[in-house]
Colleague: 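Just passing along the structure, written as C-alpha cells.
Note that the structure is a prediction, hence the values are computed from the model and not measured. Numbers restart at 1 for each chain; the letters A, B, ... are given by sequence-line order, proteins then strands.
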Amino acid sequence: MSAEFEPNVVAFLCNWCSYAGADLAGTSRTHYPPNLNVIRVMCSGRVNPLFVVNALQQGADGVLVSGCHPGDCHYMEGNFYARRRFTLLRELLEYVGVEPGRFNMSWVSASEGAKWKDVVGEVTQKAKEAGPFKQFRRDKINW
Amino acid sequence: MVDVEKLKEIARETVSRDDVKYLIGWRQGTYGFRTAPHFVGTPEEADNLIFSPLCSHNLATYLTLVEKLPVPRGQDPDSRKVALLVKGCDSRAVVQQLIEQGIGRDSVFVIGCPCRGVVDLKKVEAKFPGMREKVSATWGNGTIIFNLPNGNVEVPRQEVLAGKCLTCRYPNPLLSDLNFGEEVAVWGSDDYADVKNLEAGSPQERWSFWEEKFASCMRCYSCRNVCPMCYCEDCVLDRLNPQWVMRSVNTAENTAFHLARAFHLAGRCIECGECERVCPVDIPIMKLNRKLSKEVREKYAFEPGLDPESKPLQASYRPDDKEDFIL
Amino acid sequence: MNNKPKIGVYVCHCGINIAKTVDVEAVTEFASRLPNVKVVRNYAYMCSDPGQLLIREDIEKEGLNRVVVASCSPRMHENTFRKTLAAAGLNPYYLEMANIREQCSWVHEDRDEATAKAKKLVYAAVVKARLLEPLYEKEVDVEPASLVIGGGIAGIQAALDIANAGFKVYLVEKTPSVGGRMSQLDKTFPTLDCSACILTPKMVDVANHPNIELLAYSRVEEISGYVGNFAVKVRKRARYVDVDKCTGCGICAQECRLAGRIPSEFDMNMGKRAAVYLPFPQAVPAKYTIDPERCLFLTRGKCGKSPKCADACASGAINFEQQDEIVEFKVGTVIVATGFDTFDPARKPEYGYSDYANVLTGLELERLVSASGPTGGAVVLGEGENAFVPKDIAFIKCVGSRDKSVGNEYCSRVCCMYTAKLAHLVQEKVPGANVRVYYMDVRAFGKGFEEFYDRVRREGIRYIRGNPSEIFKRGDKLVIKVEDTLAATPLEDEVDMVVLAVGLEPRKDAREIIDILRLSQSADRFYLEAHPKLAPVDTATDGVFLAGCAQGPKDIPDTVAQAKGAASSALVLLSSGKVKIQAQISFVNENTCRGCGYCVEICPYGAIDLVAVNRMGNPVQVARVNEALCKGCGACAAACFSGSVQQKSFMDRQILPQIAVLGVMK
C-alpha cells in the first residue's frame with residue numbers, strides 16, 4: 001500500500017455548543033486532522049438518524065453527531081431526544097455489521113475547543129482503523 | 001375449546017349494531033392451511049368466521065390501511081366503528097395506534113380473542129407438503145391438531161408455532177371492548193437468544209449474515225405494507241425529493257431500506273411478526289426488529305403497545321438515560 | 001422570475017488568516033467550475049465595506065440569486081452578509097457560508113490538505129445554496145399590557161416600572177394583600193432601615209396607579225398564546241366582603257366571634273386574628289377578607305343567631321353570597337415574581353423545632369422584634385405566667401441550606417446577613433443578652449455586608465464555628481451540642497432561645513406556574529432562567545421573565561434590580577409594539593402528515609398542535625406549527641417518520657446533498 005488510508009468523516013454539529021466549540025478550537029489555533037467535515041444544524045435534536053445511514057451510503061467512512069452536554073441544550077431538550085435516537089441507531093448499525101468505531105456521538109460545549117480537537121482526533125483514528133466503509137456504500141452517487 | 005359458533009353469534013350481534021360499519025375477522029383460505037382476513041358487513045357473512053391456530057394475520061393493519069375515499073360534497077363521512085378481532089399481539093398494535101393517534105378510541109370496537117399461539121405457515125407446509133385441500137386446525141393440550149383429509153394429526157406446538165408465539169408474553173388482549181373465549185395462561189418467555197446469538201459474532205460475521213439476507217430482498221415492500229405500525233400514507237422511503245433510498249435493487253439500497261424501516265419501528269414494534277411472515281424471500285426481519293426491542297427493554301425498560309396513556313419512546317426521554325458510548 | 005440558481009461564490013483571504021494556509025486562488029478556480037456558479041471572486045476582507053460592495057454589485061449586475069461566502073464562521077458574520085444581500089434586494093436567506101477559517105485554515109497546517117478541505121466545504125455550501133428558499137421574518141403585534149404574578153417587592157417594583165412607562169399592568173397576588181415577604185421583615189440588612197417604611201409607599205403606589213389593575217386574593221389559572229399575545233385567565237377568589245363598600249374600619253374583625261383565636265399567617269402563627277381579617281395593618285388593598293376555612297358561618301352555615309360581622313358593618317359590605325370571579329384579559333408579556341418559602345426546620349428533627357417552643361426560625365424572630373408584631377416588638381417567649389425574656393440566645397446558620405441531606409445544596413444568600421441583623425436587634429432589645437452564632441462559613445459578599453458583620457462582632461456577638469449536631473432540653477434550658485471546630489473542642493451550650501437561620505426554598509406551589517407557563521426548573525428547583533449569565537431574567541419562553549427569589553435566593557437589592565431588569569425586558573417588547581418571529585422555523589406538509597403527534601410531544605415550546613382538517617371530506621388530524629412559538633431547533637423534523645415536518649433552511653433535501661459532497665469528495 002502506497003499511502004495510509006485517509007477516512008472521510010461527516011459530522012453534524014449543533015449551532016450553539018459543538019459548532020461554537022469547534023470555532024473556539026480554531027480561534028485557539030489548535031491543530032487536528034483534516035478528515036472531518038462539518039454540517040451545521042441548529043440542534044443535535046435536528047439530526048435525523050437516517051442522515052447517518054445516508055452518510056455511510058454516500059461515502060463517509062465515519063459519522064459524528066455532536067451536541068450540547070445534557071442539561072445545556074439551547075432548546076432545553078433536543079440533545080436528550082438525540083441521545084435516545086442515536087443510542088438505538090448505533091446498536092442497530094453494529095448489529096448489521098458496521099464496525100463499532102464508525103458512528104460516534106459527543107458532547108462538546110462552546111468552551112471545549114480542546115475537547116473538540118480530541119474528539120476529531122479520536123473519531124478520525126477510529127474511522128482509520130475501521131478502514132474504508134464498504135458494507136452498504138452506494139456505487140454511484142449524485143447530488 | 002374455541003366456540004366458533006359463539007364467535008359468529010358475537011359477530012352477528014356486533015354488525016347488527018347501528019354504530020358498527022363492519023367487522024374484520026378471519027376465514028378459511030382458498031387452499032391448504034391458508035386463512036384470509038374476512039370482512040363481515042352483514043350478519044350472514046359472519047357464518048364464515050373462524051378462530052384457530054391458523055389465524056396468524058394481524059388485522060389491526062386494516063385500521064390504518066383502509067383507504068379514505070373522497071366523500072362527495074354534501075355527504076358526511078361514515079363515522080361508524082370498525083369492529084376488530086384481536087389476539088394478544090394484535091391488541092398491542094391497536095394500543096400503539098391509539099398512542100400514535102392513528103385511530104380514535106371511539107372509532108374501533110375491539111373483540112379480544114385470547115390466543116394460544118398461531119402457526120408458522122412455512123413450518124406447517126414443510127411438515128405437510130403439497131396440501132391442496134382446505135385444512136382446519138384447533139388447539140390441543142400443548143399441541144396443534146390439524147384436521148387433514150385423512151384424519152386428525154396432533155403435532156407438538158413447538159414444532160409448528162410461529163417464532164413470535166414461542167416467546168409470547170402477551171397472549172391475552174390488553175385492550176378490548178368485549179372478550180371472546182377464556183383467558184390464556186402465559187407460557188412463553190423471552191430471553192432474546194436469537195438476537196444474542198447474532199450479537200456474539202464479529203462485525204464481519206454479522207455483516208455476512210445480513211448481506212446475504214439483504215441482497216436477496218427484492219424490495220416488494222410487503223413487510224412495510226403489512227405492518228400495523230407502518231401507517232404513513234406517504235412513506236419517506238418512497239420519496240423522490242429527497243430520495244433517501246434509490247429505486248435500484250442492490251445490497252446498498254436494500255440495506256438502507258431495512259435499516260430505515262427497522263429504526264422507524266424502534267420502540268414501536270409490537271412484535272406481531274407480520275413482516276417476517278409475508279416476506280417472500282425469508283428475510284429474518286424480526287431479528288432486526290427484536291434487536292431494537294431488546295435494546296429498548298434493556299436500556300429504557302420500555303415496551304410499546306401496553307398502555308394507551310403512555311408516551312412514545314422516541315418522543316420522550318429521561319435526563320439520566322444511559323450514554324456510555326458518548327465521547 | 002426565472003429562479004434557476006445563479007450562484008456567486010466569494011472567497012475571503014481574511015488578510016492572511018485564511019490565505020496563509022488555504023490557496024485562495026485554487027479554491028476560486030475550483031468554485032468557478034461548480035454547477036450553477038456564475039461569479040467567483042476572492043478578496044482580502046469580504047466583511048469590509050468594499051468586500052460587501054463586490055457582492056452587492058454582482059447581485060445587481062449579474063443577477064445573482066444565491067450567494068456563498070467562504071470565510072469565517074457563520075456564527076461570526078452570517079448576519080453581516082445577510083444584510084448585504086438584503087441591501088441588494090435579495091432575500092437574506094439566499095446566503096450560505098463555508099467556514100474555511102475557524103474550521104479549516106486555523107486548525108490545519110498543511111497547505112494542500114487545508115486547500116482540499118476548503119474546496120470541499122465550498123462545494124457543500126454551493127449544493128446547499130442551490131436549494132435554498134427565500135424566508136421571511138414575520139412580525140406580530142404586542143398587546144400593550146403586562147401580567148405580573150406575585151405582589152412581593154419584586155412584583156411591585158416590576159409593576160411600577162412598567163406602569164410608569166405608560167403600559168397597563170395586571171398585578172396578581174394570591175394573598176389578600178401585596179407586600180410579600182418584605183412586609184414581614186422588621187429591619188433590612190445591612191442598613192437597618194425599617195422594612196415597612198420603605199415598602200409601604202410602594203404598596204400604596206401600586207394600589208393608586210392608574211395603569212395598574214391589582215388583582216389581590218387571586219390566582220392565575222390559565223395562560224395560553226405566545227409572546228405579544230398571551231391570553232390570561234385569573235380567578236378572583238371570593239372575599240365575602242364587597243370591596244367597593246368596605247372602608248377598612250375593622251369593626252367586623254373586632255366583633256367576630258373568633259377574634260383573637262385564629263393564628264395569623266402574617267405573624268408566622270404567633271399572633272392571632274379573627275375569621276374576618278386584614279393580614280396586617282398596612283395591607284393593600286385595605287379591605288377585609290373572610291377566611292372561608294375558619295368562618296363559622298361559611299363552614300357550618302351558622303354563626304350564633306346571625307353573623308356578628310355582618311351585623312356590625314355599617315356599610316353593609318359583608319356578603320356571604322359572593323362567588324369566585326373569573327377575569328380574562330390579554331397581555332404581551334408576563335413577569336413571574338412568585339417569591340419563596342422558608343425551609344421547614346421540622347425536616348431537621350435534631351434541632352427540636354417541632355418539640356421546643358423556644359426554638360424559632362429567623363422569620364418568626366423577625367415578627368417578634370417587629371413593633372407591629374405579636375409582642376409589640378418585645379423579645380418575650382411564652383405566655384401569661386410563663387412569659388420570660390431570653391438572655392442566652394444562640395443562632396444556628398445554614399439550616400436547610402448547603403445541606404445535601406435535605407436536598408438543598410445551594411447557599412440561600414440571605415441567612416448570614418439576616419442572622420447578623422437579628423442578632424444585633426435582639427442584643428439591642430434585651431439588655432444584658434448573651435448572643436452567639438453557630439456557623440459553617442460567613443458569606444458577607446454584598447455592599448456593606450462585611451462592614452456590618454464586623455460591626456455586630458464588635459458589639460459583642462460571638463461567632464463560633466461549628467455545625468450543631470443536636471438540641472435537647474435540660475431543665476429550663478436548651479442544650480446545643482456542637483463542636484467548636486476552630487478550637488477543636490466539643491461544647492454543650494445552655495441557652496434560653498435558639499434561632500434557626502432557615503434557608504429559602506421554592507414556593508410549595510411552584511409547580512402550578514410551571515404547568516401554566518411551561519417553565520423549567522434548575523437543579524435547585526427554582527425557576528430556570530434562559531441563560532445563567534447573559535439572560536438571567538429571561539426564560540425559555542419568549543415574553544416571559546423572572547424576577548426575585550422565584551428564580552433563586554437573593555436579597556432585597558438584588559431582587560429589586562432583577563425586577564427592574566425584568567420590567568425593562570418586558571418594556572423592550574411593549575414599547576416596540578412588534579416582535580419579530582424567527583424565519584428558520586418548522587413547517588408541516590399537511591398533505592402527508594399522519595397526525596401521529598410525535599412532533600407535538602417533542603417540541604419543547606409547545607409550538608406544535610394537532611388540528612382537525614378536512615381531507616377530501618374525511619376528518620383527519622395533522623400537526624400545525626404555531627410560528628410565533630417555534631424557535632427553530634428542528635427536533636420535530638428529526639422525529640417525523642414521514643418527513644412531513646421540515647425545518648426551513650435545514651430541510652432534509654437541503655442536507656442530503658451536503659452529505660453526498662462531503663462523503664464523496666476526497
Side-chain angles (χ1 to χ4, degrees), chain A residues 44-45 48-54 56-58 64-67 69-71 77-108 115-116 118-120 122-123 126 130 134-143, chain B residues 195 198-199 201-211 213-215 236-237 242-246 248 250-260 262-267 287-292 294-296 298-300 302 313-327:
Chain A
S44 54
N48 188 330
L50 300 191
F51 287 168
V52 177
V53 176
N54 195 259
L56 291 171
Q57 261 201 299
Q58 303 208 74
L64 171 72
V65 174
S66 189
H69 286 271
E77 301 172 337
N79 52 358
F80 286 132
Y81 294 117
R83 183 169 63 185
R84 275 205 169 175
R85 289 174 192 146
F86 291 111
T87 301
L88 294 173
L89 181 75
R90 180 172 158 274
E91 290 289 347
L92 181 63
L93 290 175
E94 289 185 19
Y95 186 65
V96 299
V98 176
E99 295 80 356
R102 291 219 193 267
F103 173 67
N104 290 285
M105 191 166 181
S106 63
W107 305 135
V108 174
K115 180 173 179 186
W116 173 246
D118 293 344
V119 166
V120 176
E122 187 173 343
V123 168
K126 281 182 178 175
K134 297 200 193 89
Q135 283 89 319
F136 48 91
R137 192 171 167 182
R138 200 170 267 169
D139 290 335
K140 190 168 176 300
I141 299 164
N142 298 312
W143 54 81
Chain B
V195 174
L198 188 53
E199 282 173 347
S202 68
Q204 288 72 24
E205 284 167 336
R206 292 196 293 268
W207 173 245
S208 18
F209 175 84
W210 287 112
E211 184 181 23
K213 311 291 180 198
F214 293 151
V236 75
L237 300 173
Q243 191 165 14
W244 293 93
V245 179
M246 298 294 157
S248 39
N250 57 45
T251 306
E253 304 306 325
N254 296 355
T255 305
F257 164 75
H258 280 283
L259 290 177
F263 188 81
H264 276 185
L265 285 167
K287 241 192 169 77
L288 271 185
N289 294 345
R290 279 168 53 74
K291 164 67 179 172
L292 288 167
K294 168 177 167 281
E295 297 306 325
V296 163
E298 285 178 359
K299 294 193 161 74
Y300 308 115
F302 182 92
L313 178 90
Q314 287 196 48
S316 52
Y317 67 87
R318 285 172 51 101
D320 57 350
D321 278 345
K322 285 200 177 74
E323 56 167 57
D324 38 20
F325 77 103
I326 298 178
L327 302 174

Colleague: Non-hydrogen atoms of chain B under 4.5 Å away: do they reach the side chain of A:Val96, the backbone, both or neither?
Modeller: both

Colleague: Is there a donor-acceptor pair under 3.5 Å between the side chain of B:Arg206 and the backbone N or O of A:Glu94?
Modeller: yes

Colleague: Could you tell me how the ring of B:Trp210 sits relative to the ring of A:Tyr95: parallel (under 30°), tilted (30 to 60°) or perpendicular (over 60°)?
Modeller: tilted

Colleague: If you tally heavy-atom pairs under 4.5 Å against chain B, which of A:Val98, A:Asp118, A:Leu93, A:Leu89 wins?
Modeller: A:Leu89

Colleague: If only atom types and distance count, is the side chain of A:Glu122 paired as donor or acceptor with the main-chain N or O of A:Val119 below 3.5 Å?
Modeller: no

Colleague: So, taking the atom named CZ in B:Phe325 and the one named OG1 in A:Thr87, what distance separates them when rounded to the nearest 0.5 Å?
Modeller: 4.0 Å

Colleague: With a 4.5 angstrom heavy-atom cut-off, is it the side chain or the backbone of B:Ala260 that approaches chain A, or both, or neither?
Modeller: both

Colleague: To check you understand the geometry: which heavy-atom pair defines the closest contact between B:Leu313 and B:Gly267, and what is its length?
Modeller: CD2-CA, 3.9 Å

Colleague: Tell me, side chain or backbone of B:Lys322 under 4.5 Å from chain A's heavy atoms, or both, or neither?
Modeller: backbone

Colleague: What do you reckon, are the aromatic ring centroids of A:Phe86 and A:Phe103 less than 6.0 Å apart?
Modeller: yes

Colleague: Donor-acceptor check, side chain of A:Arg102 to backbone of A:Ala130, threshold 3.5 angstrom: yes or no?
Modeller: yes

Colleague: Return the set of residues passing ring pair (Phe, Tyr, Trp, His ring centres under 6.0 Å) with B:Tyr317 (not counting sequence neighbours), or none when no residue passes.
Modeller: A:Phe80, A:Tyr81

Colleague: Do you know which of B:Ser316, B:Ala256, B:Gly201, B:Ser248 has the most heavy-atom pairs under 4.5 Å to chain A?
Modeller: B:Ser316

Colleague: Quick check on A:Arg84 against chain B: is it the side chain, the backbone, both or neither that has a heavy atom closer than 4.5 Å?
Modeller: both

Colleague: Hey, is CG on A:Asp139 packed in by over 12 heavy atoms from elsewhere, all under 6.0 Å?
Modeller: no

Colleague: Which bit of A:Gln135 comes within less than 4.5 Å of chain B, counting heavy atoms only: side chain, backbone, both or neither?
Modeller: both

Colleague: Does any heavy atom of chain B fall under 4.5 Å from the side chain of A:Val123, the backbone, both, or neither of them?
Modeller: side chain

Colleague: Pick from B:Glu253, B:Glu211, B:His264: which one has the most heavy-atom pairs with chain A under 4.5 Å?
Modeller: B:Glu253

Colleague: Go through B:Leu259, B:Val245, B:Asn254 and name the one with the most non-hydrogen pairs under 4.5 angstrom from chain A.
Modeller: B:Leu259

Colleague: Pick one of side chain, backbone, both or neither for A:Leu56, based on which atoms fall under 4.5 Å of a heavy atom in chain B.
Modeller: neither

Colleague: Heavy atoms only, distances under 4.5 angstrom: which of B:Leu288, B:Asn250, B:Thr251 has the most pairs with chain A? Name it, please.
Modeller: B:Leu288

Colleague: Please flag which part of B:Phe209 lies under 4.5 Å from any non-hydrogen atom of chain A: side chain, backbone, both or neither.
Modeller: neither

Colleague: Look at B:Lys291, B:Glu295, B:Gln314, B:Lys213 and state which one has the largest set of heavy-atom pairs under 4.5 Å with chain A.
Modeller: B:Lys291

